[in-house]
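Note sheet for the following structure.
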Amino acid sequence: MAFNFSDIVTNNDLLERFQNLFEKELIDEICNAGELRKIAEYTELISIGETITHMPLIISGSLKVMTEDKNGEELLLYYLELGDTCAMTLKCCSSLSKSVISAMTEEPTEILFIPVKYMDLWMVKYQSWRSFVLESYNSRMNEMLEAIDNLAFHNMEERLSKYLRNRAKLMQNGKLKITHLQIAHDLNSSRVVISRLMKKLEEEGVIKQYRNRVDLLEFLF
DNA sequence: ACATTAAGTGATT
DNA sequence: AATCACTTAATGT
């Protein structure tokens, strides 16, 4: 699907967002170079080992970024959302290497794909692009530091409730469409453990659960 | 009615 | 907190 600037303007407040972020010429270049695609939920966009050809810019929805540990277990790195781009991809662009991450959607998502060849070009040409990339690295770094802190210093129950809150924020919805098994995967735990903790949270009145769904009762927008 | 998948539970490590 | 073995419940065909 060819990228059309007016599409974005009508579908999103992206123009406004971009105007604050990038100079006009860069916005024009982004529009020319990028391809806007609507991705269905649960679509794998890239897997480990593939060559990176495009860089994603999230317009709406979200993108789950994972890597693999030595045993081939999936490891959740972070979620990308509105206006985010993938730091791991940026890293790979300059070295033309293969992807060390996999990424998939968990909800319908719009992404603007930009060929990687523009990355170096824009880095030199636009100061706003440099800031954007740097800022992107920064926030991803902070997110991962927080994740490490979580792993190292907090028990499963805390990790679980944080996970639920983060997801609700990400989805802009306190009603989460998710199973205990999926949660267990993301937290590198087992389904049984999650089920027990979830029951505890329910008894504490924090959540209400149904099949394939959990509502955060205290969730505020 | 039956199969499949999600969630609950007690016991053990 | 993880795993096992089993039960119960919800949902699709």
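Between the A:S195 side chain and the A:R191 main chain, a donor and an acceptor come within less than 3.5 Å of each other. Under the 3.5 Å distance criterion, the side-chain polar atoms of A:R37 are left unmatched by any main-chain donor or acceptor of A:I111. The closest donor-acceptor contact from the side chain of A:S131 to the backbone of A:Q127 lies under 3.5 Å.
When the ring pair (Phe, Tyr, Trp, His ring centres under 6.0 Å) test is applied to A:Y78, no partner is found at least two apart in sequence or on another chain. For A:K125, the salt bridge (charged side-chain N to carboxylate O under 4.0 Å, His left out) criterion is met by A:E29, not counting sequence neighbours. A:S139 is linked by a side chain to side chain donor-acceptor pair (under 3.5 Å) to nothing, counting only residues two or more places apart in sequence or in another chain. With sequence neighbours left out, the side chain to side chain donor-acceptor pair (under 3.5 Å) criterion links A:Q209 to A:H180, A:E202. With sequence neighbours excluded, no residue forms a side chain to side chain donor-acceptor pair (under 3.5 Å) with A:S99.
Residue A:L197 contributes atom CG, which lies 6 Å from atom P of C:dA1 at whole-angstrom precision. Rounded to whole Å, the distance from OH on A:Y210 to P on B:dG8 is 13 Å. With rounding to whole Å, A:I194 atom CD1 is found 16 Å from B:dT9 atom P. Rounded to whole Å, atom C1' of B:dA6 lies 11 Å from atom CD of A:Q209. The separation between A:I207 atom CD1 and B:dA7 atom P is 11 Å, rounded to whole Å. Rounded to whole Å, the distance from NZ on A:K177 to P on B:dA6 is 12 Å. One atom, CD of A:E202, and another, C1' of C:dA9, lie 14 Å apart when rounded to the nearest Å. Between the C1' atom of B:dT5 and the CZ atom of A:R191 lies a distance of 11 Å, rounded to the nearest Å.
Annotation: cation-pi pair A:R213/A:Y210 present, NZ/CZ under 6.0 Å from the ring centroid and within 45° of its normal. Remark: A:K24 is not positioned above the aromatic ring of A:F22, lacking an NZ or CZ atom under 6.0 angstrom from the ring centre and at most 45 degrees off the axis.
Within the structure, salt bridge (charged side-chain N to carboxylate O under 4.0 Å, His left out) pairs that include any residue of residues 51-61 of chain A do not occur (at least two apart or interchain). Pairs passing the salt bridge (charged side-chain N to carboxylate O under 4.0 Å, His left out) check and including a residue from residues 152-164 of chain A, sequence neighbours excluded, read A:E157-A:K200. Pairs of residues two or more places apart, or lying in two chains, that qualify as salt bridge (charged side-chain N to carboxylate O under 4.0 Å, His left out) and include a residue from residues 171-189 of chain A are A:E41-A:K177, A:K64-A:D186, A:K175-A:D215.
Using cut-offs of 30° and 60° on the angle between ring planes, the pair A:W129 and A:W122 is perpendicular.
Using five terminal pairs a side, the axes of the helix from B:dA1-C:dT13 to B:dT13-C:dA1 at its two ends make an angle of 10°, given in steps of 10 degrees.
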List every contact pair, protein side and nucleotides 10-13 of chain C side both N or O, where the distance is under 3.5 Å.
from   : atom 1 : to     : atom 2 : distance (Å)
C:dA10 : N3     : A:R211 : NH2    : 3.1

Identify each atom pair where a protein N or O and an N or O of nucleotides 11-13 of chain B are less than 3.5 Å apart, giving names and distance.
none

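Between C:dA2 and A:S189, a contact under 4.0 Å exists linking OP1 or OP2 to a side-chain N or O.
For DNA chain B, the residues of residues 179-186 of chain A within the heavy-atom distance limit of 4.0 Å (strictly under) are A:T179, A:H180, sorted by number.
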